[in-house]
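Worksheet: the structure to be examined is printed underneath.
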Amino acid sequence: MYFQIVFTLFLSILCETPNVETSTPCSRDDKELSNVDKLAGDNDYKLEVDVVIDGQYIPGKKYIITLSSSGSTRKAFRGFIIAALKERSSFGEEPIGEFTLINEQQTKYLEYCENYVTHLHTGLKYEVKVYWTAPPVGSGCVLIRGTVKENSQNWFKDDGQLTRKLCEIPPSVQPLIKNSQIKPCCACTRANYMVTF
C-alpha cells in the first residue's frame with residue numbers, strides 16, 4: 001500500500017511539471033569564426049531589396065533580397081547569414097517577416113532559427129537571392145541585416161550596405177499602392193527612333 005501511494009504521488013508530480021523547452025538562441029555570428037573579430041566596413045558587399053520605393057515596404061508583399069558584391073570586380077564569398085529584424089524590440093534581435101528559399105542547393109534556414117537564411121555549403125558564391133514576405137500592417141520599421149564570410153579570417157557584418165532599413169508605407173497610402181499596378185522600370189536596353197521632318 002505504501003509503495004502504491006508513493007508511486008501515485010510521483011506520477012502526479014511528474015504530470016504537473018511544466019514542459020520546459022530547450023532551444024539554442026539565434027545568432028548571426030558564424031560559429032567557425034568565434035575566435036576571429038569581424039572586420040570593419042562591408043568590403044563592397046551589399047544587400048538589395050527589389051522594387052522598394054523610398055525605403056518603404058508594403059505589408060504582406062513578397063520581395064527578393066539579393067546579397068552580392070558591389071565593387072567593380074565581383075568578389076566571391078563562402079558563407080553568409082541574412083536576417084530581417086524589428087528595428088525596435090525589447091527582446092534583442094527579433095525576427096520579422098518570413099523568408100522563403102529560392103535556391104535550395106545554395107541556401108538553408110539557420111539551425112534553430114527558421115527566419116534566418118544561411119549557406120548550405122562553403123563553396124564560392126557571387127550572389128545569393130531569397131524571398132522575404134513583409135510583415136503585416138502595424139509592424140513598423142525592419143532592418144535587413146547581412147553577415148558575409150569571405151574565408152576563415154575575413155568576415156563582415158551589418159556595416160555599410162550590409163544593413164537595409166525598410167519602413168512600412170503609411171496606412172493612408174497603402175490602398176492607393178495596392179490598387180495601382182506598380183512595375184519596375186524596364187528601360188534598360190537600346191532603343192531606336194526614326195524622326196521625320
Side-chain angles (χ1 to χ4, degrees), residues 21-52 55 57-87 89 91-136 139 141-166 184 188:
E21 186 177 290
T22 58
S23 64
T24 304
C26 297
S27 172
R28 293 184 303 112
D29 294 333
D30 192 311
K31 295 172 192 170
E32 298 169 13
L33 301 172
S34 59
N35 297 330
V36 181
D37 291 334
K38 84 174 185 86
L39 298 174
D42 58 24
N43 202 30
D44 288 332
Y45 293 107
K46 66 179 177 179
L47 285 168
E48 292 179 299
V49 184
D50 73 327
V51 197
V52 170
Y57 68 86
I58 300 170
K61 183 177 180 345
K62 187 181 272 190
Y63 295 92
I64 295 176
I65 296 177
T66 304
L67 173 63
S68 63
S69 62
S70 62
S72 57
T73 57
R74 287 182 57 177
K75 288 189 292 188
F77 54 96
R78 295 194 174 273
F80 69 91
I81 298 173
I82 300 172
L85 307 167
K86 273 189 171 183
E87 181 185 36
S89 173
F91 302 108
E93 289 193 347
E94 186 177 349
I96 191 165
E98 183 178 329
F99 283 108
T100 307
L101 304 180
I102 292 176
N103 182 347
E104 293 185 20
Q105 282 77 42
Q106 195 175 42
T107 60
K108 67 176 184 174
Y109 297 106
L110 190 62
E111 190 174 356
Y112 305 113
C113 309
E114 281 194 19
N115 213 22
Y116 291 47
V117 178
T118 189
H119 53 278
L120 184 62
H121 58 81
T122 56
L124 294 176
K125 300 159 201 58
Y126 292 93
E127 180 180 87
V128 173
K129 292 179 182 275
V130 294
Y131 289 119
W132 176 70
T133 303
S139 297
C141 293
V142 175
L143 298 174
I144 309 291
R145 298 206 162 198
T147 303
V148 175
K149 173 185 168 185
E150 281 186 338
N151 52 48
S152 62
Q153 296 298 312
N154 297 338
W155 66 289
F156 308 88
K157 178 181 170 186
D158 298 347
D159 293 343
Q161 296 184 87
L162 288 175
T163 295
R164 291 284 182 237
K165 180 178 176 178
L166 305 176
C188 30

Main chain of [Y], side chain of [X]: is a donor-acceptor contact present, judged purely on distance under 3.5 Å?
X      : Y      : result
Arg164 : Ile144 : no
Asn115 : Ala83  : no
Trp155 : Val36  : yes
Thr163 : Asp158 : yes

Got a sec, which residues hit salt bridge (charged side-chain N to carboxylate O under 4.0 Å, His left out) with [X], two or more places apart in sequence or on another chain?
X     : value
Lys38 : Asp159
Glu48 : Lys46
Glu87 : Lys165

What is the distance from atom [atom1] of [X] to atom [atom2] of [Y], rounded to the nearest 0.5 Å?
X      : Y      : atom1 : atom2 : value
Tyr116 : Glu111 : OH    : CD    : 14.5 Å
Lys157 : Asp42  : NZ    : CG    : 15.0 Å
Leu124 : Asn151 : CG    : CG    : 10.5 Å
Ile81  : Leu162 : CD1   : CG    : 12.0 Å
Lys125 : Glu127 : NZ    : CD    : 13.0 Å
Phe80  : Thr118 : CZ    : OG1   : 5.5 Å

- Report the residues that fulfil ring-ring contact (aromatic ring centres under 6.0 Å, His included) with Tyr45, sequence neighbours left out, ordered by chain and then residue number.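 Checked Tyr45 against ring-ring contact (aromatic ring centres under 6.0 Å, His included); matches are Phe77.
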
Please report the shortest heavy-atom distance between [X] and [Y], naming the atom on each side.
X      : Y      : result
Lys108 : Leu101 : CA-CD1, 3.8 Å
Pro59  : Pro136 : CB-C, 3.8 Å
Asn103 : Gln105 : OD1-N, 2.9 Å
Ser139 : Ile96  : CB-CD1, 3.7 Å

- Report the residues that fulfil side chain to side chain donor-acceptor pair (under 3.5 Å) with Gln106, sequence neighbours left out, ordered by chain and then residue number.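 For Gln106 there are no side chain to side chain donor-acceptor pair (under 3.5 Å) partners, ignoring immediate neighbours.
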
- Task: Please name all residues satisfying side chain to side chain donor-acceptor pair (under 3.5 Å) with Arg78, sequence neighbours left out, ordered by chain then number.
- Result: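 Residues passing side chain to side chain donor-acceptor pair (under 3.5 Å) with Arg78: none at all.
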
- Task: Quick one: list whatever passes side-chain contact (heavy atoms from CB on, under 4.5 Å) with Thr100, sequence neighbours left out.
- Result: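 side-chain contact (heavy atoms from CB on, under 4.5 Å) list for Thr100, sorted by chain: Tyr131.
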
- Quick one: sort the Trp132 and Tyr57 rings into parallel, tilted or perpendicular, breaks at 30° and 60°.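 Perpendicular, since the angle between the ring planes exceeds 60°.
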
- Query: Taking everything shown except Tyr126 itself, do over 12 heavy atoms lie less than 6.0 Å from its OH?
  - Reply: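 For Tyr126, atom OH is not crowded (no more than 12 foreign heavy atoms under 6.0 Å).
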
- Query: If you draw a 6.0 Å radius around NZ in Lys86, do more than 12 non-hydrogen atoms from other residues or ligands fall strictly inside?
  - Reply: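 No - once you tally the heavy atoms of other residues, nucleotides and ligands closer than 6.0 Å, there are 12 at most.
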
- Task: Begin with the C-alpha distance, continue with both residues' side-chain angles, and end with the deciding distance and a verdict on side chain to side chain contact (heavy atoms under 4.5 Å, CB included) for Ile102 and Thr107.
- Result: CA-CA 8 Å; Ile102 292 176; Thr107 60; over 6 Å; no

For residues 60-71, which side-chain donor-acceptor pairs fall under 3.5 Å, sequence neighbours excluded?
| residue | atom | partner | partner atom | Å |
| --- | --- | --- | --- | --- |
| Tyr63 | OH | Ile58 | N | 2.8 |
| Thr66 | OG1 | Lys129 | NZ | 3.3 |
| Ser69 | OG | Lys75 | N | 3.0 |
| Ser70 | OG | Asp44 | O | 2.8 |
| Ser70 | OG | Gln161 | NE2 | 3.4 |

